[in-house]
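Computed from a prediction, not measured in an experiment: that's the story for all the values here. One is the number of the first residue; the rest follow in order along the sequence. Note: hydrogens, waters and symmetry copies are ignored here, and every other heavy atom, side chains too, is used.
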Amino acid sequence: MLVLSAACAAGALVLSACGGGGAGESADGSVTLKLVAADYGDKASNSSTVYWEDVAKRFEAANPDIKVDVQVVNWNDIDAQVKTMIQSGNVPDVLQTGGYADKVADDLLHKAEDVLSPATLDNLVDTFAEAGEVDGVQYGIPFVSSARALFYNKKLLADAGVTEPPKSWADIEAAAEALKKKNPDVVPYALPLGPEEAQGETLIWELGNGGGYTGEDGAYTLDSKANVETFQWLRAHLVEPGLTYSNPAATDRKTAFADFAAGKVGMLNGHPSLIQMSKDGGVDYGVAPIPGKDGALDSTLGVADWVMAFKDSGHQEEIRKFLDFAYSKENTLKFDEMYNLMPVTEDTLQEMTSNGKHKDLEPFFELLPKASFYPLGDTSWDAVSAEIKKSGGTAVGEDPAKVLGDLQKKAEQIAANQ
């Protein structure tokens, strides 16, 4: 899930109608597509239902022989509801939610190339399209995205004598020391490694040292030398000197974001939802590329939510028509601007970078095409991610080699049982 209040925000969906081949066909020969989608709104007035019903209405006007049954479900409920739908044979034609790999493992989905025209397929930003692959075949169709960058409090840094944003880990440490000396009440660098999203903060830092969660062969490398060294550095240079929260493993991103927006944090890794939070809090913030061990990274952590098409109903051509329509620039631009999200299509990215309406997002636009992702195509990832959330953050308070080694063993066991 992309939360822009958690990488995006979050949404809902539900569906109706029957499943199984031939379902959705009426006596007059028309076909009804069942669309289940997540709700990114936080109240009725900005519910994603409004967006999808408008898309469906315009699509139906252009395609009178195809109807679209729209149901939008809350993020907290969508996975469970979709699971129930599948088990009961009430399978969606099109689903928009946070992940796809488990559906691929059960052989439920069309390949992306079977339900998108070549033009629509080619319009997807390459890095996001590739993140939708399982064993080299794309099933997940990126819908919206978010990316991470370094946020810093301009006033706090300037008052501490720091004249430019940090580019390297050493710069982070030096700026944090200056902040602590100037204002002891401020958390110099927020390091949220709590269970809310430890897997995100962890991967950002590991990427900065040439590490990550998997190797070139796709196997897990949670306890690689580079990853262990990353946590050893964090422990020795940020945690033990008191340059971050006293217990990062118990600190969630929500807390870190709120503290930054309240002027209580000097620096942290954040996504675009922090922009408005900072403005609302009166914080004069800056955004810069993620500092790596030896210099600023030219990539970042990318997060995406997904669309997928189910094979069950046999409505492949109708699905293709609908998805080509839904992925037109008019529609994708409207959704991205509605929820302050990042685009996953080239034409919408071009529009948002050139129309002058999204200057706050420019640093993220520059990083987006080179984004790195979680191993989303691995059906074991959700379970491995849950383990990282539970205990990964303790690597900055305990022996990193042991903590990451234990996680590696769990990851290998989970993967072996898939």
>> Under a 4.0 Å threshold between the charged nitrogen and the carboxylate oxygen, would K321 count as salt-bridged to E318?
In response: no
>> Can you list everything that forms a salt bridge (Lys or Arg N to Asp or Glu O under 4.0 Å) with E164? Sequence neighbours excluded, please.
In response: K167
> Can we call the ring centroids of F335 and Y40 under 6.0 Å apart?
Replying inline: yes
>> Apply side-chain contact (heavy atoms from CB on, under 4.5 Å) to residues I172 and L150 and explain how you reach the verdict.
In response: CA-CA 10 Å; I172 286 277; L150 178 75; 4.3 Å; yes
>> Do the side chains of D107 and K311 get close enough for a salt bridge, i.e. N-O under 4.0 angstrom?
In response: yes
> Do F257 and H271 make the cut of ring centroids closer than 6.0 angstrom?
Replying inline: yes
> Is the shortest side-chain N to carboxylate O distance from K34 to D93 below 4.0 Å?
Replying inline: yes
>> Centre-to-centre under 6.0 Å for F128 and F373, is that the case here?
In response: yes
>> To check you understand the geometry: which heavy-atom pair defines the closest contact between P166 and L157, and what is its length?
In response: CD-CD2, 4.4 Å
>> Any salt bridge linking K254 with E197? Criterion: basic side-chain nitrogen under 4.0 Å from a carboxylate oxygen.
In response: no
>> Under a 3.5 Å cutoff, is there a donor and acceptor pairing between the side chains of T394 and S391?
In response: no
>> Going by side chain to side chain contact (heavy atoms under 4.5 Å, CB included), name the residues that satisfy it together with T84, two or more places apart in sequence or in a different chain.
In response: none
> Is any side-chain N of the basic residue among E60 and K67 closer than 4.0 Å to the acidic one's carboxylate O?
Replying inline: no
> Do W306 and Y100 have ring centres separated by under 6.0 Å?
Replying inline: yes
>> Quick check: closest heavy atoms across G295 and S168, and the distance to 0.1 Å?
In response: N-CB, 3.9 Å
>> Taking D360 first and then K279, would you say they form a salt bridge - that is, a charged N and a carboxylate O separated by under 4.0 Å?
In response: yes
>> With a 4.0 Å cut-off on N to O distance, would you call K329 and E351 a salt bridge?
In response: yes
>> Suppose we screen for side chain to side chain contact (heavy atoms under 4.5 Å, CB included). Which residues come up paired with K225, at least two apart in sequence or across chains?
In response: E229
> Is the shortest distance from a Lys or Arg side-chain nitrogen in D54 or R58 to a carboxylate oxygen in the other one below 4.0 Å?
Replying inline: yes
> Is it true that K409 and D223 make a salt bridge, defined as a side-chain N closer than 4.0 Å to a carboxylate O?
Replying inline: no
> Are side-chain N/O atoms of Q413 and N417 paired as donor and acceptor at under 3.5 Å?
Replying inline: no
> Is any NZ, NE, NH1 or NH2 atom of the basic residue among E398 and R235 found under 4.0 Å from an Asp or Glu carboxylate oxygen of the other?
Replying inline: no
> Does the ring centre of W381 sit less than 6.0 Å away from the ring centre of Y213?
Replying inline: yes
> So K402 and D406, salt bridge (Lys or Arg N to Asp or Glu O under 4.0 Å) or not? Walk me through it.
Replying inline: CA-CA 6 Å; K402 183 181 186 308; D406 289 345; 3.0 Å; yes
> How many angstroms lie between CD1 in I290 and CG in L207, if you round to the nearest 0.5 Å?
Replying inline: 9.0 Å
> Are Q350 and E346 close enough that a side-chain donor and a side-chain acceptor fall under 3.5 Å?
Replying inline: no
